[in-house]
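Here is the structure we will look at.
Order of appearance sets the numbers: ligands from 1, and atoms from 1 within every ligand. This structure is a prediction, so every number in the text was calculated from the model and none was measured. Along the sequence shown, the residues carry numbers beginning at 1.
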Amino acid sequence: MTSALFSPYKINQLALANRIVVAPMCQYSADDGVPSPWHMTHLGMLANSGASLVVVEATGVERRGRITHGCTGIYSDSSEDEFARVIAHCKRIGTAKFGIQLAHAGRKASSARPWEGGVGLKPGQDPWPTIGPSAIAPGAAWPEPRAMDEADMVQVRDAFVDSAKRSLRIGFDMIELHMAHGYLMHSFVSPISNKRNDAYGGSLDGRMKFPLEVLRAVRAVLPQGYPLGARISATDWMDGVLTGDDSVAWVNAMKAEGLDFVCVSSGGVTAEVRTPATPGYNVPIAEQIKRETGIATRAVGLIATAKQAEAIVAEGRADMVALGRAMLEDPHWAWMAAKELGGEVARPNQYLRAAPKMWPGAAYRGTAA
Ligand SMILES: Cc1cc2nc3c(=O)[nH]c(=O)nc-3n(C[C@H](O)[C@H](O)[C@H](O)COP(=O)(O)O)c2cc1C
């Protein structure tokens, strides 16, 4: 049996052993942006998950662009040094490639950690002023952001560029721009959060203008062949607002600027609308984007079983799948999927005696050391 999920893939010049990606997941465990021993442990564990690629959590390109006080940031030398240590460790002990999600939380910054409420920080919790395309809060529990002027845009764009240079020095294998979930880039593209009446608002072309400028500036500092992608919210789950067709146009515009892949997520721009919680809820729109743009496409969102993931790739609905919560639940998800689908997955030598190909083998269970 040949598994599509366990077949190799290439994003630009980056060779991946299979189609399984660990989705970026904030750990809220950094100190002023600097990764902590938690990251060493968490990412070290995922280095041996069997996923071909681990995308490190949304990492703020500016201090004010972090979501919470615990979010990682890549705006300081101390953060760059610690990330370099963590990634070198992960590569030494595991087989996964590592990417980073570069992010600016915009009007959803200055929030509490999820286990401390998740909404906008209150006075006494060290809140900070936030920025956005327009002075529109993401929900009643957040303060109004300040509408950005062009000087702010230059500052944020340059911060993305500096962060991309730091990511290269750290040794990340790819960069993913966070253009989803209501954070700064997506909030420019969505008409719910962007009511500007200058060149950066209005039509889809205007609303895409700033994210495209950021993408262009980042691409310009990356070596040829280096993979650059974006995670997008492909729909806001409201009738007539940021539809699949809009997202196709958005992805095509990014592709023309040198984008190599897109991760299709959705929602997050307003607290009023809930994202559906049905298995593979983003797959139909990922399929549309893949079909109509031809870009390498990754689907995410309640993909949890081996058969489901296999079918998505085998039927050509997406080129890759990203798993978030299923990987936290079982960091060896890919090992189990390989067993079920007849795929091969890299395992560390130290754990080889647990490999199914040795069952029922004499070496398993019996020997003393
Ligand atoms: C703990 C946690 C942290 C997350 N942090 C991020 C993040 O940093 N960036 C991002 O784009 N999505 C983030 N997400 C969303 C996931 O990447 C993923 O898109 C979402 O959980 C749906 O996929 P799943 O059903 O496989 O979990 C996070 C999700 C969880 C559960």
Side-chain angles (χ1 to χ4, degrees), residues 5 19-30 33 35 38-39 42-43 45-46 49 51 53-61 65-74 83 98-106 108-109 111-118 163 167 172 174-187 189 211 229-235 237 261-269 274-283 285-286 297-306 308-309 312-313 318 320-331 333-334 337:
L5 189 65
R19 314 301 183 94
I20 305 167
V21 177
V22 179
M25 281 182 284
C26 296
Q27 297 298 296
Y28 313 102
S29 302
W38 177 262
H39 293 93
H42 165 73
L43 295 171
M45 170 182 81
L46 294 170
S49 62
L53 175 67
V54 177
V55 184
V56 170
E57 67 191 80
T59 297
V61 299
R66 293 169 305 151
I67 307 168
T68 73
H69 282 298
C71 287
T72 48
I74 190 168
F83 261 127
F98 277 81
I100 185 166
Q101 189 183 50
L102 296 182
H104 196 298
K108 289 176 81 175
S111 292
R113 293 172 175 88
W115 56 83
E116 291 166 350
S163 303
S167 304
F172 281 111
M174 61 77 126
I175 291 174
E176 171 170 317
L177 301 174
H178 199 344
M179 299 205 176
H181 304 166
Y183 298 113
L184 189 61
M185 296 297 135
H186 173 210
S187 71
V189 179
R231 173 175 267 200
I232 62 165
S233 275
T235 172
W237 298 112
F261 74 91
V262 69
C263 180
V264 179
S265 188
S266 59
V269 83
R274 285 260 151 255
T275 299
T278 49
Y281 55 90
N282 291 315
V283 174
I285 200 160
T297 302
R298 198 168 87 200
V300 69
L302 280 177
I303 300 169
T305 72
Q308 180 196 13
I312 292 167
V313 178
M320 296 163 277
V321 290
L323 282 76
R325 289 162 290 183
M327 283 288 180
L328 297 184
E329 171 89 359
D330 177 6
W333 184 94

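Shown in contact with Gly301 at under 4.0 Å from a heavy atom are these atoms of ligand 1, numbered in order with element: 22 (C), 23 (O), 25 (O). With ligand atoms numbered from 1 in the order given, ligand 1 contributes 24 (P), 26 (O), 27 (O) to contacts under 4.0 Å with heavy atoms of Gly324.
Closest heavy-atom approach to atom 24 (P) of ligand 1 among the candidates His186, Met179, Arg325, Gln27: Arg325. Scanning Ala23, Ala103, Pro24, Ala105 for the heavy atom closest to atom 28 (C) of ligand 1 points to Pro24.
Scanning for ring-ring contact (aromatic ring centres under 6.0 Å, His included) contacts around Phe261 gives an empty result, with sequence neighbours left out.
For the pair Ala58 and ligand 1, the shortest N or O to N or O distance falls below 3.5 Å. Remark: ligand 1 and Leu323 share no N or O pair separated by less than 3.5 Å (distance only, no angle test). The shortest N or O to N or O distance between Val300 and ligand 1 is not below 3.5 Å. Taking any N or O of Ile303, backbone or side chain, none lies under 3.5 Å from an N or O belonging to ligand 1. By the 3.5 Å distance cut-off applied to N or O atoms, Cys26 is counted among the residues near ligand 1. Among the atoms of Ser265, none of the N or O lies under 3.5 angstrom from an N or O of ligand 1. Checking only distances, Glu57 never comes within under 3.5 Å of ligand 1, N or O to N or O. Between Arg231 and ligand 1, at least one pair of N/O atoms sits closer than 3.5 Å.
Note that CZ of Arg325 and CG of Leu302 are 4.5 Å apart. Values are rounded to the nearest 0.5 Å. Here CE of Met179 is found 13.0 Å from NE2 of His104. Values are rounded to the nearest 0.5 Å. Here the CZ-CD distance, from Arg298 to Glu176, works out to 4.5 Å after rounding to the nearest 0.5 Å.
Under a 4.0 angstrom heavy-atom cut-off, Ala326 registers as lying outside contact with ligand 1.
Distance alone, capped at 3.5 Å, places no donor-acceptor pair between the Gln27 side chain and the Pro35 backbone. Checking side-chain atoms of Ser233 against main-chain N and O of Gly267 turns up a donor-acceptor pair under 3.5 Å. Side-chain N or O atoms of Gln308 include one that pairs as donor or acceptor with a backbone N or O of Ala304 at under 3.5 Å. A donor-acceptor pair under 3.5 Å is absent between the side-chain atoms of Asn282 and the main chain of Ala299, judged by distance alone.
Heavy atoms of Gln101 found under 4.0 angstrom from ligand 1 belong exclusively to the side chain.
Taking every heavy atom of both residues into account, His39 and Ala30 meet most closely at CE1-N, 3.8 Å.
Per-atom contact check: atom 20 (C) of ligand 1 does not touch the protein, criterion being a heavy-atom distance below 4.0 Å.
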